[in-house]
Each structure stands twice: as C-alpha cells, then as structure tokens.
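All remarks here apply to the structure that follows.
Owing to the predicted nature of the structure, the values given are computational and were not obtained by experimental measurement.
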Amino acid sequence: MLTAAKGTNLALMFFLELGVLVSVGYWGFTLGAPLAVRILAGLGAPAVFATLWGLFAAANGARFKLHGPARAAFEIAWFGGGAAALVASGLVTGGAVFAALYVVNAVLRLVWHQV
C-alpha cells in the first residue's frame, strides 16, 4: 500500500512539473498584449522554465544539480511561478489548488525520502 502511495506521489510530482509549463504558457497566451507578444510569451515562458528545470532540477540530467536548501528554494520559486501564472491569468482557484498540491507533494517527498 505504501509503495503505491509513494509511486502516486512521484507521478504527482511529474504532473506538477508539466503543470508549471502549461500554466506559464497559458499565462503568456492570455496576456493583454498584441498577438506577437502573446505568442512570444506563450511559447517563450515554458521554454525558459523548461531550460531552468533541465539545468538545475532534472532527476537524471541536471547540469548543475541542486541539493538541500538551494533545491528547496528553486522548487518553491519554480512551482510558485506556475501557481502565480495561473493567478495572473485570472484562474485564482486553480493557482491556489496548484500551490496546495505542490505543498502536499513536497511534504510527502520529504517524509518518504523521495527528494
């Protein structure tokens, strides 16, 4: 039973990672700006976020893998950015739910030594 819960928590982490990319893309496309700016932000923001994740936090391939407090600060900023993007897009409840899911996931990963 616990093994299934741990696996589910890791799957949640993966879907939250994807959720950040979708959130910042959605934010970019919903800006009140000219179409060219919306396209640039809608495609550029996820590219920047994905690059940062790949450089600092990817499980198997991070070039500059972070640990301890630096990893925690990076994750809080990265997932917080996803939640903030939802709020900035007008999806306040979605942003709050996203942030709450991340907090639960992070606490469980700490408790279960999945970090």
Side-chain angles (χ1 to χ4, degrees):
M1 177 74 168
L2 186 59
T3 302
K6 287 181 177 182
T8 300
N9 196 49
L10 289 176
L12 175 60
M13 174 71 171
F14 175 71
F15 288 117
L16 287 170
E17 292 169 14
L18 294 178
V20 169
L21 300 177
V22 171
S23 298
V24 297
Y26 180 77
W27 164 80
F29 285 117
T30 61
L31 286 174
L35 179 61
V37 173
R38 289 194 317 251
I39 291 171
L40 182 63
L43 298 176
V48 169
F49 269 69
T51 300
L52 290 171
W53 188 260
L55 286 172
F56 299 109
N60 295 323
R63 186 174 198 128
F64 308 102
K65 195 158 183 84
L66 300 175
H67 301 282
R71 170 69 184 223
F74 178 81
E75 277 194 20
I76 291 167
W78 203 79
F79 288 102
L86 288 173
V87 171
S89 302
L91 301 174
V92 177
T93 303
V97 169
F98 188 89
L101 284 172
Y102 168 69
V103 169
V104 169
N105 176 262
V107 169
L108 289 176
R109 284 187 295 121
L110 285 172
V111 169
W112 290 334
H113 305 287
Q114 294 179 306
V115 179

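- Separating the CZ atom in F64 from the CZ atom in F74 is a distance of 12.5 Å, to the nearest 0.5 Å.
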Note to self: Could you go through F79 and E17, starting from their C-alpha distance and side-chain angles, then the distance that decides it, and tell me whether this counts as side-chain contact (heavy atoms from CB on, under 4.5 Å)?
What the structure shows: CA-CA 8 Å; F79 288 102; E17 292 169 14; 4.0 Å; yes

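- Atom CZ in R109 sits 9.0 Å away from atom CG in L12 (nearest 0.5 Å).
- Minimum heavy-atom separation, A83 to G95: CB-O, 3.6 Å.
- Of all non-hydrogen atoms in S23 and A85, the two that sit nearest each other are O-CB, 3.7 Å.
- For the side chain to side chain contact (heavy atoms under 4.5 Å, CB included) with V107, the qualifying choice from V104, L110, V111 is V111, the only one to do so.
- Taking each heavy atom of A41 and P46 in turn, the nearest pair found is O-CD, 3.9 Å.
- You'll find the side chain of W53 stays beyond 4.5 Å of the side chain of V20, heavy atoms only.
- At distances below 3.5 Å, at least one donor-acceptor pair connects side-chain atoms of R38 with backbone N or O atoms of A33.
- V37 and Y26 fall into different hydrophobic clusters, defined by Ile, Leu, Val, Met, Phe, Trp and Tyr side-chain heavy atoms under 4.5 Å apart, directly or through other members.
- In this structure, CE on M13 lies 10.0 Å from CD on Q114, to the nearest 0.5 angstrom.
- A donor-acceptor pair is defined here as one N or O able to donate and one able to accept, closer than 3.5 Å; such a pair exists between the side chain of N105 and the backbone of N9.
- In this structure, W78 has its ring center at least 6.0 angstrom away from the ring center of Y102.
- Between the CG atom in L35 and the CG atom in L40 there is a gap of 11.0 Å [rounded to 0.5 Å].
- For the atom pair K6 NZ and H113 NE2, the distance stands at 8.0 Å (nearest 0.5 Å).
- Note: the hydrophobic cluster containing W27 does not contain V87 (ILVMFWY, side chain heavy atoms under 4.5 Å, direct or indirect links).
- Side-chain heavy atoms closer than 4.5 Å link hydrophobic residues (I, L, V, M, F, W, Y) into clusters, and following such links, possibly through other members, connects I76 to L55.
- A single hydrophobic cluster is not seen to contain both V48 and L31; linkage of ILVMFWY side chains at heavy-atom distances under 4.5 Å, directly or through other members, places them apart.
- Rounding to the nearest 0.5 Å places CG of L16 at 11.5 Å from CG of L21.
- L91 places none of its side-chain heavy atoms less than 4.5 Å from the side chain of F98.
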